[in-house]
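Quick notes on the structure that follows.
Order of appearance sets the numbers: ligands from 1, and atoms from 1 within every ligand.
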Amino acid sequence: MTEINSVTTLTREGDVDVITLNSPPVNALSANVRDGLFEGFKAAAASDSKAIVLICDGRTFIAGADISEFGAPGKPSASLPDVQNMMENSPKPVIAAIHGTALGGGLEVALCAHYRVAVPSAKLGLPEVALGLLPGAGGTQRLPRVVGVENALEMMTSGRHVPAKEAASLGLVDELVEEGKLKEGALAFARKCVAENKPLVKISENNTKLEAAKGKPEIFAEFRKKNARKFRGFDAPEANIKCIEAAVNSASFDEGLAVERKLFMGLMTGSQSAAQRYYFFAERTAAKIPDVPDDTPLREIKKVGVLGAGTMGGGISMNFANVGIPVVIVELKQDALDRGLATIRKNYERSRGADPAVTEKRMSLLTGSLDMNDFADCDLIIEAVFERMDIKKDVFTKLDAICKPGAILASNTSYLNIDEIASVTKRPQDVIGLHFFSPANVMKLLEVIRGEKTAKDVIATSMKLAKKIGKIAALAGVCPGFIGNRMLSQRQREAQKLIMEGAMPWDVDRVLYDFGFPMGPFAMSDLAGLDIGWVKENSKGETLRDVLCEADRRGQKTGAGYYDYDENRNAKPSEFTENAINAFIAKTGKNPRKISDEEILERCIFPMINEGVKILEEGKAIRASDIDVVWVNGYGWPVYRGGPMFYGDLIGGPAKVLEKMKEFQATMGDDFKPAALLEKLAAEGKKFGDLKG
Ligand code: TC6
């Protein structure tokens, strides 16, 4: 065995050279890895071997370029194209042996091998789009030459990790080899290449699959149209599409590469990719809690109890059934329980690609009950009952009496005080907040609320469990509304004030939609129902909501709310709402004023950022990026703007936000009072991103 460098070795297996990469955690293409590959292929090309296999140690094949190196000053090293040229022009067959994931630059390397073999569990893809990028190492030109234009469009704009079996059917993998026997399979394939004198396939030289799309611009036009909604606001999908167009229309491979390079650099230096790359690490950092070490022993969660079979309880239960954990769902009344279980079944049956056998398996893991005593053998119990402190306290008193020692008692409250809830139990160390977002089986975010006495192993177990059920967890401390709803209430307050000053609900919604949110606050209210928490008997027509609800404009479900809706639920600005708003304004004796889009945006967003600073000031979030994780995953903040704290830095940092807050405070009062920490950050010239809670 020859050690090429600290991450690469070259070994000889009969007449095959094997280059092995070992650069944990994911064999990303750092400068060291590129150097190792370059020198490894150079040595193998010069040896008297007959073929070369590239394989990786550890959990995966190359998972891509090293994202942490992007934007950092480059070390002198072999470039990726140097490595790729060396592979493609090798005088003997090069075989990439793939396990785990071959992603981004990793797949682009594999596409320069003459052949690819993979184990069935492997996944292949070009996920750069998720980082606001495109595959800038020839991937945009090679992939359509292998899988065809339409498949390449789908793969590159979705960033999907394609399972090896499907990849084989697309021609991306030449042979599937037995699971756990990758090296043996790759060596056998290499020897077959030699024995059968198989050609040294250079993908860059094969244009056959591009021919089908030549002179057919409608393929691209239709693809753009079909996905317009999905791609709205993002720069990267369009750049990926343009590269594939260039692959089809360019006179040569190199001409296509030049287009790819130019578009890649445009994305790489833009703010969207900076935001999306920041966000990639933000999500992974959120799982790290400074005083809860990674090796904290976990509590075993073999059975879960959920109290409440409503929309929330049902959605929460599905998460656990989906990963094979049995759930006991307890309701007060049989009909509510039956309805809840029937809704879960319907959700499964209606989900995309639903398989009846899988639905039955998951349903069989859900047991309904009317008796809280059935929680006795559960390891984690989550209550999703009505949001009232007296009700929560009653529930936790009962749980304390029923549940076994060591069971985790969780509340799904979205704003109540977890410490107060825990105080009614004799085991506050076992109590935690697990705030799921509706629909709980779909939404990615889990806000984990740490009480004053919550034990570290309860926190560690909750964070790990979140990952297991496919959620992104962020830790928050106890404060009203925690991270997400606390900041949201700032935006809601300003949205309501704005429409009482002269903006219409559709103006506010349009500005926030154009910013990148899936919908604005008023459209959202119409969707959720204006009558949540509204009691007809108590309504005195004192608020716009009272007036709308009294007129039976309770949202989309009644065909009208802030907006009017047609039979297809298309929203139209409503004269009724406009008149009602103007009547309210008239009562105040003021005149409506023209409010600019800029003011709408700044008044909705800046107080949120200020509140984020307060949350950090009070130590209720660990770091600024956790706040961004909450907003991107739970509230539809566009990922290409990173999150509110990243965005704050992007548009000028604390100094700019402070200046605006002061300006608003001078004319509109203390709703805009800057946080003390905001003043300090601005004075010290620091960024929001530097903040730790
Ligand atoms: C590209 O290739 C562009 C090419 C253009 C040519 C110039 N770089 O996600 P996990 C770290 S763009 C650096 O928790 P999993 C990650 O931060 C790239 N670091 O594990 C974490 O570190 P920590 C295209 C990376 O098993 C650790 O590895 N490729 C990279 O749940 C474990 O990660 C992608 O977009 C990286 N590329 O999932 C793939 N990847 O432990 C991005 C991971 O210190 N990666 N890390 O926190 C993934 O999708 C997933 O990491 C995974 C493994 C599926 C590979």
Quick one: which ligand 1 atoms are inside 4.0 Å of a heavy atom on T101? 55 (C)
From atom 54 (C) of ligand 1, work out which of N27, L107, L103, V129 has a heavy atom at the shortest distance. L103
Considering non-hydrogen atoms of the protein only, which is the closest contact for atom 45 (N) of ligand 1, and what is the distance? F280 CZ, 3.6 Å
Would you mind checking which non-hydrogen protein atom is closest to atom 5 (C) of ligand 1, with the distance to 0.1 Å? G136 N, 3.6 Å
Do A63 and ligand 1 have an N or O pair less than 3.5 Å apart? yes
Regarding atom 20 (O) of ligand 1: of the candidates R284, R261, R59, which has the closest heavy atom? R59
Which of the numbered atoms in ligand 1 are below 4.0 angstrom from a heavy atom of F281? 17 (O)
Record the part of P25 in heavy-atom contact with ligand 1 below 4.0 Å; permitted values are side chain, backbone, both and neither. side chain
Working note: K468 + I301, criterion side chain to side chain contact (heavy atoms under 4.5 Å, CB included); need CA distance, chi angles, decisive distance, verdict. CA-CA 11 Å; K468 182 165 180 182; I301 307 295; over 6 Å; no
Sub-4.0 Å protein heavy atom near atom 52 (C) of ligand 1: no
Assess the side chains of T454 and R450: does a donor N or O sit below 3.5 Å from an acceptor N or O? no
Taking atom 8 (N) of ligand 1 as the reference point, the nearest protein heavy atom with its distance: I67 N, 2.9 Å
Which bit of K467 is near ligand 1, meaning a heavy atom under 4.0 Å away: side chain, backbone, both or neither? side chain
Measure across G138 and L257 and return the closest heavy-atom pair with its distance rounded to 0.1 Å. CA-CD2, 3.5 Å
closest protein heavy atom to atom 7 (C) of ligand 1 is F264 CZ, 4.1 Å
Any N/O pair A65/ligand 1 closer than 3.5 Å: yes
Residue P127 vicinity, atoms of ligand 1 by number, heavy atom under 4.0 Å: 29 (N), 34 (C), 35 (O)
Starting from atom 4 (C) of ligand 1, which protein heavy atom do you reach first, and at what distance in Å? E128 OE2, 3.6 Å
State yes or no: are the ring centers of Y647 and F515 separated by less than 6.0 Å? yes
Tested for side chain to side chain contact (heavy atoms under 4.5 Å, CB included) against V18, the lone hit among T9, T11, I52 is T11
Give me the atom names and distance for the closest heavy-atom approach of S462 to V448. CB-CG1, 4.2 Å
Just jot down the ligand 1 atoms closer than 4.0 angstrom to any heavy atom of V26, in number order. 25 (C), 28 (O), 30 (C), 40 (N), 43 (C), 46 (N)
Enumerated ligand 1 atoms positioned under 4.0 Å from heavy atoms of G64: 2 (O), 29 (N)
For ligand 1, which atoms sit closer than 4.0 Å to a heavy atom of L131? 12 (S), 18 (C), 35 (O)
Is any NZ, NE, NH1 or NH2 atom of the basic residue among R145 and E205 found under 4.0 Å from an Asp or Glu carboxylate oxygen of the other? no
Atoms in ligand 1 with a heavy atom of K288 nearer than 4.0 Å: 23 (P), 44 (O), 47 (O)
Is E150 atom CD crowded by more than 12 heavy atoms from other residues, nucleotides or ligands, each under 6.0 Å away? no
Output the list of atoms in ligand 1 that are nearer than 4.0 Å to some heavy atom of D66, sorted by atom number. 8 (N), 13 (C)
Where does the angle between the aromatic ring planes of Y635 and W631 fall among parallel (under 30°), tilted (30 to 60°) and perpendicular (over 60°)? parallel
Residues D379, K302: salt bridge by 4.0 Å N-O rule: no
Does R284 make a cation-pi contact with F280, if we ask for NZ or CZ under 6.0 Å from the ring centre and within 45° of the axis? yes
Would you sort out whether V177 and F189 count as a side chain to side chain contact (heavy atoms under 4.5 Å, CB included), showing the intermediate values? CA-CA 9 Å; V177 303; F189 189 90; 5.9 Å; no
